[in-house]
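This report concerns only the one structure given below.
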Amino acid sequence: WDDCALIIEVVEGLLGGKAPEDIWKDKEKKKKFIKLLCKIKGKEYKETKEIIDRKIRITDIALVAKEVLGINIKIDL
């Protein structure tokens with residue numbers, strides 16, 4: 001349920017007009033999201049070193065929302 005709550009918070013933040021930098025101020029939330037993203041993409045996640053500046057794209061958020069929550073997010077660029 002923690003994963004679902006995290007994704008809902010991220011999606012609601014984006015839809016509410018928050019800047020991505022504001023969403024990822026909490027480093028633990030960003031770390032959880034990256035770990036979840038790696039799991040969905042089928043990559044191994046090892047906490048051997050701190051990720052300093054991993055950019056999280058809107059497409060990453062859409063992918064995680066689709067896989068975890070089962071919702072599609074329409075992205076207009």
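These figures come from a predicted structure and were not determined experimentally.
Residues forming a side chain to side chain contact (heavy atoms under 4.5 Å, CB included) with Lys18 (at least two apart in sequence, or on another chain): Ile23.
No side-chain heavy atom of Lys30 sits less than 4.5 Å from a side-chain heavy atom of Asp26. At least one side-chain heavy atom of Leu63 sits less than 4.5 Å from a side-chain heavy atom of Lys41.
We find the NZ-NZ distance between Lys35 and Lys39 to be 7.0 Å, quoted to the nearest 0.5 Å.
Note on residues 15-34: pairs passing ring-ring contact (aromatic ring centres under 6.0 Å, His included), not counting sequence neighbours, are Trp24-Phe33.
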>> Could you walk me through whether Leu36 and Ile7 satisfy the side chain to side chain contact (heavy atoms under 4.5 Å, CB included) test, starting with their C-alpha distance in whole Å, then the side-chain angles of each, then the deciding distance to 0.1 Å, before giving a yes or no?
In response: CA-CA 10 Å; Leu36 185 59; Ile7 300 306; 3.9 Å; yes
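For the side-chain contact (heavy atoms from CB on, under 4.5 Å) with Lys32, the qualifying choice from Asp3, Leu6, Leu37 is Leu6, the only one to do so.
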